[in-house]
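Worksheet: the structure to be examined is printed underneath.
The model shown is predicted, which means the values in this text are computed figures rather than measured ones. Remember, it's 1-based here, ligands and their atoms both numbered in the order they're listed.
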Amino acid sequence: MTELITALDYPDAKSALETVDRIGISCLWYKVGKELFTAVGPMIVQELKARGKKVFLDMKYHDIPNTVSKAVHSAAGIGADLCNVHASGGTAMLKAAATAAKESGILLVAVTVLTSMDAMELASIGLNVSPQEQVQRLALLTQTCGVPGVVCSALELPVIRKSCGNDFITVVPGIRPAGSSADDQKRIMTPEQAAQAGANYIVVGRPITKADNPAEAAAQIAASLK
Ligand code: C5P
């Protein structure tokens, strides 16, 4: 089953919650990212929980193991249901995060390679490998360290499914319903294609939040996942 997560990329709580209230029952999961969380803090998670919603707190933690472990506990403490770390934080950090997630009952996934990075960007930080190779390496490391899934692009789904199996959780942004604007996303898939490729969660922002009728847009995407 593939679940829809709407990305609340807003600078303030009022705009975010207006959208959530307009969407109503058409979407259960919401992603709170760095922009919104930095501006308004934990209250946005509490407001979403008060509306019966599930929250993906997209903070992409990347720090020493002790700090990341405590951050994961804090994410669970404020009521988030899903959070994430950078897999490139390495073995000790991933293991500490996995332990913290198990202890606090929050679902945890890791970001492998940012989709904004290409081979040249990787080379500039000393990684002379293709993005695909690095994604595969970090997905396997993530799994070995006990973190149950990754954030990945739809195009990386096949290689991750092959390397890490069907029980490994995949959270997939870069989704565009057929006929909608690609915005700044380059490598996109439709919700149907991502579901068929085995995504557990898809993250959709502007096609819902900028729609004339966000509830209808979310309902259509959710229906296309079934
Ligand atoms: O509006 P749109 O559907 O492009 O929003 C996608 C969301 O997923 C944004 O919050 C974006 O930051 C996030 N994201 C992404 N690509 C990634 C990781 C996260 O688009 N590789």
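Proximity of Asp81 to Phe56: side-chain heavy atoms (C-beta onward) are nowhere separated by under 4.5 Å. Side chains of Val109 and Leu82 form a contact here, defined as non-hydrogen atoms less than 4.5 Å apart.
At a 4.0 Å heavy-atom cut-off, ligand 1 touches Gln185 through the side chain alone.
Using a 3.5 Å distance cut-off with no hydrogens or angles, the side chains of Tyr201 and Thr2 do not pair a donor with an acceptor. A donor and an acceptor atom, one from each side chain of Arg161 and Thr170, are located under 3.5 Å apart. In the model, Asp12 has a side-chain atom that pairs as donor or acceptor with a side-chain atom of Ser15 under 3.5 Å.
The nearest protein atom to atom 11 (C) of ligand 1, hydrogens excluded, is given as Lys31 NZ, 4.3 Å; this is a heavy-atom distance. Remark: minimum distance from atom 10 (O) of ligand 1 to any protein heavy atom is reached at Asp9 OD2, 2.7 Å. In terms of protein heavy atoms, atom 21 (N) of ligand 1 is closest to Thr115 OG1, 2.7 Å. Ranking the protein heavy atoms by distance from atom 2 (P) of ligand 1 puts Arg176 NH2, 3.4 Å first. Looking at atom 8 (O) of ligand 1, its nearest protein heavy atom turns out to be Pro173 CB, 3.5 Å.
A donor-acceptor distance shorter than 3.5 angstrom exists from the side chain of Ser74 to the backbone of Lys70, with no hydrogens or angles considered.
Where the criterion is an N or O separation shorter than 3.5 Å, residue side chain and backbone included, Gly205 meets it with respect to ligand 1.
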